[in-house]
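All ligand and atom numbering here is 1-based and tracks the order in the structure.
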Amino acid sequence: MTEAQPHFDFDLAIIGGGSAGYAAARTACAAGVNTVVIEGGEDVGGLCILRGCMPTKALLYAAEVMHLAGQAEVWGIHKRELSFNFSEVMARKNALIKEFADFREQQLTKGKFAFIRANARFTDAHTLALLPHQIHSRRRNEASISVPNHRGQKPAGDLPTKLTAKNFLIATGSTFSPSPLAQLNEIDCLNSDTALKLTHLPGSLIILGGGAVGVEFAQFFARFGVKVTLIQRSPHVLHEFDSDAAAELEKVFRREGIVVYTGTKLLDARRSAGQKEVVLEHEQRTIRVHADEVFFALGRLPNVAGLGLEAIGVQLEYHRIVTDAHMQTTIPHIYAAGDCAGLHEIVHIAVQQGEIAAYNFAHPSQMKRMDYRLLTEVIFTDPQIATVGLTEKRAHVRNIPYLVASYPFGDHGKSLIMEARDGFVKLLADPMTGEIIGGCCVGPFGGELIHEIIAAMHSRMTVHQLAAMPHYHPTLAEIWTYPAEELAAKIIK
Ligand SMILES: Cc1cc2nc3c(=O)[nH]c(=O)nc-3n(C[C@H](O)[C@H](O)[C@H](O)COP(=O)(O)OP(=O)(O)OC[C@H]3O[C@@H](n4cnc5c(N)ncnc54)[C@H](O)[C@@H]3O)c2cc1C
């Protein structure tokens, strides 16, 4: 007698409707998989749209327009008086975000998959308990379930309390890291969520942390007239990037009036005379910095608390869900993707991981693997900092031999026309074959320019081929030909 197959409500249940979750749902549905997405956030859209990439870049672009307008005299353009209205700056950002979030909500609710508004928690390896989600005030009247192809559940609008699935994808994103100093909890710090809701600018601001979030907000606030002090523990901001790239940004920050302390240790924080005070150790001296507000930018952690993972045997390591290159956790029918799987908090990586997980679930005999050879990171400051593939730091850590050449924007035709003299481009090549193995651009439109090197590395081009490729003149892009030519001359093939 054959054993009866267990019946499940869904083939695939995805916990989290952010970038990774939505990408996985779309991919699974395209493969004909009966899928449900469960989203428990106050608003629908995920971090990137609601409180991450999009709102911060909208504000940074406003700051860049403000900065360029302030520099117009270089080109013989004279303004009478430059001013801004912070409420209007924030209103434009809010309008854009609403548009993006509404579109994502439509994609989720009108998709070919079921969509449930609830917080999910595993009760066993095939069952989720569904708990009421936090409701944002402007959405209180909305239905909490939409079920286009939902088998065996209650009708739309009526929230089930549990569901079962054959497979799962955990895509629950990240949350703020706990404070390394208990005193910081006492003084009510801003963070990247609350800073996006400010109704007026503080006069002065201390930013704790010189990672991507810290440096982007530092320049935004400083360019809108806030007196900013940036405090970083490592010897340079952006400690994962090469130090020449980080040093270039520090140079620009200092020129723009941002006080930058690197190589510090946080000692204390308190309220003092109507302000907030941070005490730090810097070059063997104790320094006290005062400001109206303190911004906590000391990182994020995978959001896995309360999912019941330990009880069902999904392994965690430094808070992140351990996955293999197929995005499978230690329980093979449970996958994880995006920030909750850690390693890289980057939205296109979350999307790619979500797609690979869903593809692998649907095609178990032809599984795809995540490949980080073309890992790209962009910091949207001015100058922008963008890298792909190997940095010199990563090459040293992995003991990978390389040849390197760079060229400054201060000596390049198009950037001189634009008065964008800060920064450089850098290429890393395999010393034997000349294959491009890494690229870095610190400069104007760095996040756009790096895509030429992503394309080159994608097709495994050599520096010889890049140098021989036509580049229009005068463009920013032609700057890549200089390091490519220098390296090609050294690697005789
Ligand atoms: C300020 C800031 C700026 C950033 N800028 C950039 C940038 O410019 N470029 C870039 O590439 N990346 C950027 N990032 C990172 C990027 O936003 C994230 O890497 C990406 O959004 C992660 O997507 P995700 O799907 O893993 O998580 P999320 O988008 O956070 O989605 C997780 C979803 O799961 C839901 N959820 C959580 N727990 C449960 C549960 N138990 N039940 C049901 N639902 C649950 C949440 O409500 C959320 O909607 C930025 C991040 C921040 C904070």
Would a distance-only check, ignoring hydrogens and angles, find a side-chain to backbone donor-acceptor pair under 3.5 Å from [X] to [Y]?
X: Arg254; Y: Val260; value: yes
X: His239; Y: Pro235; value: no
X: Thr35; Y: Val33; value: yes
X: Ser174; Y: Arg300; value: no
X: Arg117; Y: Glu39; value: yes
X: Asp339; Y: Pro302; value: no
X: Thr109; Y: Glu105; value: yes
X: Thr127; Y: Asp124; value: no
X: Lys276; Y: Val289; value: no
X: Asp9; Y: Thr164; value: yes

For [atom], the protein heavy atom that lies nearest, with its residue and separation:
atom: atom 15 (C) of ligand 1; answer: Glu345 O, 3.5 Å
atom: atom 27 (O) of ligand 1; answer: Gly173 CA, 3.3 Å
atom: atom 47 (O) of ligand 1; answer: Glu39 OE2, 2.5 Å
atom: atom 18 (C) of ligand 1; answer: Asp339 OD2, 3.3 Å
atom: atom 5 (N) of ligand 1; answer: Lys57 NZ, 3.2 Å
atom: atom 42 (N) of ligand 1; answer: Ala120 N, 3.0 Å
atom: atom 32 (C) of ligand 1; answer: Ala171 O, 3.3 Å
atom: atom 34 (O) of ligand 1; answer: Gly16 CA, 3.2 Å

Have a look at [options] and point out the one with the heavy atom closest to [atom].
atom: atom 12 (N) of ligand 1; options: Ile379, Thr172, Val347, Ile15; value: Val347
atom: atom 16 (C) of ligand 1; options: Cys53, Ala350, Gly40, Gly354; value: Cys53
atom: atom 30 (O) of ligand 1; options: Leu128, Asp43, Leu47; value: Leu47
atom: atom 3 (C) of ligand 1; options: Ser19, Gly52, Ser192; value: Gly52

Looking only at distances, can you tell me whether any N or O atom of [X], backbone or side chain, sits closer than 3.5 Å to an N or O atom of ligand 1?
X: Arg300; result: no
X: Leu307; result: no
X: Gly21; result: no
X: His348; result: no
X: Ala20; result: yes

Q.
Taking the ring centre of each residue, are Phe380 and Tyr61 less than 6.0 Å apart?
A. no

Please classify the Asn119 to ligand 1 contact at 4.0 Å (heavy-atom distances, strictly less than): side chain, backbone, both or neither.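 Both parts.
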
Which one holds for Ala118 and ligand 1: side chain close, backbone close, both close, or neither close, with close meaning a heavy atom under 4.0 Å?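 Within the 4.0 Å criterion, Ala118 contacts ligand 1 through backbone atoms alone.
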
Discussion item. Please determine whether side chain to side chain contact (heavy atoms under 4.5 Å, CB included) holds for the pair Leu108 and Phe103, giving the CA-CA distance in whole Å, both sets of side-chain angles, and the decisive distance to 0.1 Å.
Written reply: CA-CA 9 Å; Leu108 283 163; Phe103 184 60; over 6 Å; no

Distance under 4.0 Å to a non-hydrogen atom of [X]: what atoms of ligand 1 satisfy this?
X: Phe380; value: 8 (O)
X: Ile346; value: 11 (O), 12 (N), 19 (O)
X: Gly18; value: 25 (O), 29 (O), 31 (O), 33 (C)
X: Gly338; value: 26 (O)
X: Ile38; value: 43 (C), 44 (N)
X: Gly41; value: 47 (O)
X: Asn303; value: 37 (C), 38 (N)
X: Gly46; value: 29 (O), 49 (O)

Side chains of Leu12 and Val36 in contact at under 4.5 Å (non-hydrogen atoms):
no

- Gln315/Leu309 under side chain to side chain contact (heavy atoms under 4.5 Å, CB included): CA gap, chis, key distance, verdict: CA-CA 8 Å; Gln315 193 188 331; Leu309 297 181; over 6 Å; no

According to the ring-ring contact (aromatic ring centres under 6.0 Å, His included) rule, which pairs have a member within residues 295-320, sequence neighbours left out?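 Listed by first then second residue: Phe217-Phe295.
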
Per side chain to side chain donor-acceptor pair (under 3.5 Å), Asp242 is matched among Arg394, His236, Lys426, Lys393 by Lys426

Does ligand 1 have an atom under 4.0 Å from some heavy atom of Glu216? no

